[in-house]
Amino acid sequence: MARPKKADKKPKAIASSQSLSAFVKSICDVMRRSNCASALQYVPELTWILFLRILDAQETRDQEKAEAVGAPFTPALRSPYRWQDWAAPHSEKPDHPKTPEGKPLGWKRQELFAAGDSKLFDFINKDLLPHLHSLDVDPRTNLPLPGATPKQRIIGRIMTAVERVRVDSEANLRDILDKVHEISIDHIDDRHFFTLSQVYEDLLLKMGEKNSDGGQFFTPREVIRAMVHTVDPSLGKTVYDPCCGTGGFLAIAYEHIARKLGSAARSTDIDKLKQETFFGREKENLVFPIALANLVLHGIDQPNLWHGNALTRRATYPALFDTAPKQFDVILTNPPFGGKEGKDAQKNFPFETSSTQVLFVQDILGELAPDGTCAIVLDEGLLFRTNESAFVETKRKLVDECDLWAIISLPGGVFSTAGAGVKTNLLFFTKGRKTERVWYYDLSHVKVGKKTPLTLAHFGFAPDGSALPDAKLPANLVADWRADEANEGQPFPSYAVQLAARGTAAAESRYSWTVDFAARRAKAREEMQPLVDQVAALKADVVDLKEQLKDLRRSRADDGEITAVGTKIREKEKEARELEAQAAAIDAAVFDLKAVNPNAVTVTDERTPQQIIASIEAQGRIVADALARLSALMEAELKEAAQ
């Protein structure tokens with residue numbers, strides 16, 4: 001029995017990201033009842049379906065452009081593997097859109113439906129997916145195909161984790177395909193890309209919610225935007241993330257640069273931005289294809305991503321990274337919190353430690369180009385920890401080789417929605433000059449949570465990177481400031497405003513201050529010098545005593561005399577070690593970079609114990625009076641009810 005034809009649906013009106021988000025949610029609802037219960041299941045499934053839909057729209061648009069100017073066009077996919085063949089809804093109406101070969105859209109899908117149950121699944125699992133996998137890898141050798149185009153490599157990599165359709169019902173799958181097809185029925189323009197990418201970001205956030213295994217892959221996008229606005233990357237600079245997760249840093253950096261270029265940008269500049277600017281590495285098999293799809297949805301035609309462990313240097317799939325430079329102009333990243341690496345990774349770095357973040361900092365120092373700038377999220381422990389050599393030496397290398405020019409202390413809980421409650425900081429540094437002064441900004445007073453996340457406005461930034469006026473700053477950012485009568489009529493010293501004044505006295509405020517790092521090091525050296533001198537003297541004494549001991553042994557002196565000299569040697573060596581440890585502790589303390597706000601306003605209770613007791617008693621009387629009134633009201637109501 002032929003399947004009844006539905007009336008052709010009109011293109012879905014996408015008036016806002018909210019309406020598109022609701023529409024995508026309806027697709028996820030179908031997936032959730034079709035063997036994709038959690039975000040870690042339905043997001044990867046939706047990723048490849050959505051990607052193939054957008055790819056088909058891109059290819060159609062590019063072919064039309066090429067034909068309009070008489071240029072040749074070679075599609076990445078051919079019939080019947082295009083979305084328009086096997087996934088698009090079919091209709092026999094005369095005005096139904098046609099493929100370039102003149103067949104109605106969805107012809108293959110209709111053919112499979114007519115052949116019987118499970119034929120659509122069979123085609124996807126046994127024909128389509130193997131074909132897509134083979135676009136960039138030879139199935140016989142499992143090695144990258146040398147002749148594959150960049151787009152074919154991207155298709156192959158996005159599909160690599162898809163072994164078969166996860167949705168368990170063909171009826172549900174057809175429903176999903178119909179809904180996805182409606183998202184963009186004619187073409188994809190830049191504005192639509194942006195809207196769709198934001199909705200996809202919302203889905204990625206669901207992978208990173210608390211108690212979800214995906215939390216390690218997601219950095220709050222408002223934090224990324226603040227970092228990108230601070231670094232302000234521009235066209236011509238390479239942008240890199242050594243642990244890119246779902247690609248958030250690269251995607252938002254793309255948005256930033258594209259916005260600066262404006263609508264009148266030259267086509268050569270657009271090509272350079274989309275193909276030669278963004279580079280990244282990602283280890284996780286689940287996340288790598290999602291990162292590729294996310295960047296494509298944002299408009300980056302050629303994401304140059306390397307699949308493998310950046311710290312062990314072992315690649316799973318390096319072919320998309322062939323054009324990457326050795327060093328990068330801008331690095332934006334958030335290394336995994338609390339990660340542990342084995343010896344195979346540690347041996348690649350001068351200061352061995354199991355701490356993933358410390359190894360990534362060392363890696364970044366090697367991959368950052370001269371005059372290049374890095375913005376990085378680091379946990380509090382890395383900043384203040386001075387009891388392990390690798391931590392201290394890594395920070396020493398950082399401040400010796402780079403100008404660490406800003407540190408933002410974030411509130412606790414910023415990453416709680418991404419599965420981590422770690423206290424974090426943002427560090428900004430530029431390679432090529434030793435750190436002399438470090439400017440700090442303290443946001444730790446802001447109360448944030450799942451329902452009240454940190455936003456770009458908390459940094460004082462408008463969406464375009466300009467500084468917000470006070471009237472548009474969040475209430476929980478400015479409340480304490482405005483409650484202080486001394487600040488009446490004064491503008492709030494937001495991060496964006498103070499950053500613009502960095503290096504001047506105007507950059508100092510209740511929430512910002514500058515540490516003279518060079519002076520701190522000089523003071524430490526001054527404090528260490530007497531200890532160093534004492535150690536030198538003790539070691540000189542030990543040398544003399546050892547010579548004396550040799551002479552005593554040669555002259556067969558009394559055992560007691562030999563033992564006494566040996567005891568003196570051990571005592572002086574012990575004293576020297578203790579003094580060296582004291583000097584090392586003073587030196588290590590220099591590299592405690594934790595933000596300690598010297599301008600923080602603290603409210604102290606100056607009441608005497610008697611005054612506190614009297615206050616408690618007064619509050620007790622208030623409570624007792626209130627309870628008595630409540631009791632009387634209840635008794636009156638009971639009497640009234642009894643009558």
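These numbers were taken from a predicted model, which means no experiment stands behind them.
A salt bridge does not link Arg78 to Glu59: none of the charged nitrogens lies less than 4.0 Å from a carboxylate oxygen. For Asp138 and Arg140, the salt-bridge test passes: some basic side-chain N is under 4.0 Å from an acidic carboxylate O. Classification of Glu255 and Lys260 as a salt-bridged pair fails, no side-chain N sitting under 4.0 Å from a carboxylate O. For the pair Lys25 and Asp29, the salt-bridge criterion is met [side-chain N within less than 4.0 Å of a carboxylate O]. We find that Asp56 and Arg61 are not joined by a salt bridge, their nearest charged nitrogen and carboxylate oxygen being 4.0 Å or further apart. The pair Lys65-Asp62 does not count as a salt bridge, with every side-chain nitrogen at least 4.0 angstrom from each carboxylate oxygen.
A donor-acceptor pair under 3.5 Å links the side-chain atoms of Gln346 to the main chain of Glu341, judged by distance alone. Panel note: side chain Thr373, backbone Val231; no donor-acceptor pair is recorded below 3.5 Å. Side chain of Lys126 to backbone of Ile124: no donor-acceptor contact under 3.5 angstrom is found. A donor-acceptor contact shorter than 3.5 Å links the side chain of Glu170 to the backbone of Leu120. At least one donor-acceptor pair under 3.5 Å links the side chain of Thr230 to the backbone N or O of Ala226. Judged by distance alone, the side chain of Ser118 and the main-chain N or O of Phe121 form no donor-acceptor pair under 3.5 Å. Side-chain N or O atoms of Glu222 include one that pairs as donor or acceptor with a backbone N or O of Leu456 at under 3.5 Å. In this structure, Gln152 contributes its side chain and Asp136 its backbone to no donor-acceptor pair below 3.5 Å. Glu45 places a side-chain N or O within 3.5 Å of a backbone atom of Arg166 that can act as its donor or acceptor partner. Within the 3.5 Å criterion, the main-chain N or O of Asn294 finds a donor-acceptor partner in the side chain of His298.
Tested against Leu135, the residues Ile154, Ile155, Thr149, Leu145 include a single side chain to side chain contact (heavy atoms under 4.5 Å, CB included) partner, Ile155.
No side-chain heavy atom of Glu111 sits under 4.5 Å from any side-chain heavy atom of Lys103. Between Phe337 and Val377 the shortest side-chain heavy-atom distance falls below 4.5 Å. Inter-residue side-chain proximity for Gln275 and Asn304 is flagged as unmet; no heavy-atom pair is nearer than 4.5 Å. Side-chain contact between Leu305 and Phe278 is absent, with no heavy atoms from C-beta onward closer than 4.5 Å. Within the 4.5 Å cutoff, the side chain of Arg153 has heavy atoms near those of the Pro144 side chain. The side-chain heavy atoms of His307 and Glu282, taken from C-beta on, include no pair separated by under 4.5 Å. Residues Leu55 and Ile158 form no side-chain contact, since every pair of their non-hydrogen atoms from C-beta on lies 4.5 Å or further apart. When side chains are defined from C-beta on, Ser26 counts as touching Lys179, because their heavy atoms get closer than 4.5 Å.
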Review point. Would Arg109 and Asp85 count as a salt bridge (Lys or Arg N to Asp or Glu O under 4.0 Å) if you check the C-alpha gap in whole Å, the side-chain angles of each, and the deciding distance to 0.1 Å?
Key: CA-CA 7 Å; Arg109 173 173 159 177; Asp85 302 312; over 6 Å; no
Practice item. Take Ile364 and Tyr240 through the test side-chain contact (heavy atoms from CB on, under 4.5 Å) and record every step on the way to the result. Key: CA-CA 10 Å; Ile364 287 164; Tyr240 172 64; 6.0 Å; no
Review point. For Phe360 and Thr356, what are the C-alpha separation, side-chain angles and deciding distance, and is it a side-chain contact (heavy atoms from CB on, under 4.5 Å)?
Key: CA-CA 6 Å; Phe360 264 115; Thr356 301; 3.5 Å; yes
Practice item. Evaluate salt bridge (Lys or Arg N to Asp or Glu O under 4.0 Å) for Lys343 paired with Glu352, printing each intermediate quantity in order. Key: CA-CA 8 Å; Lys343 288 294 183 182; Glu352 294 187 15; 3.8 Å; yes
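Aromatic ring orientation, Trp83 versus His181: parallel (interplanar angle below 30°, classes split at 30° and 60°). A tilted orientation is assigned to the rings of Trp86 and Phe123, their planes being inclined by 30° to 60°.
Arg157 forms a cation-pi arrangement with Tyr317, by the criterion of a distance under 6.0 Å to the ring centre and an angle within 45° of the ring axis.
Two rings, from His131 and Tyr81, have their centers less than 6.0 Å apart.
Here the CZ-CZ distance, from Phe249 to Arg221, works out to 8.0 Å after rounding to the nearest 0.5 Å. Atom NE2 of His256 sits about 9.5 Å away from atom CG of Asp464, to the nearest 0.5 Å.
Summarising the local packing, CD of Glu163 is surrounded by 12 or fewer heavy atoms from other residues, nucleotides or ligands at distances under 6.0 Å.
Under the side-chain hydrogen bond (donor to acceptor under 3.5 Å, both in side chains) criterion, the residue pairs touching residues 357-366 are Arg313-Asp363, Gln362-Thr394, with sequence neighbours excluded.
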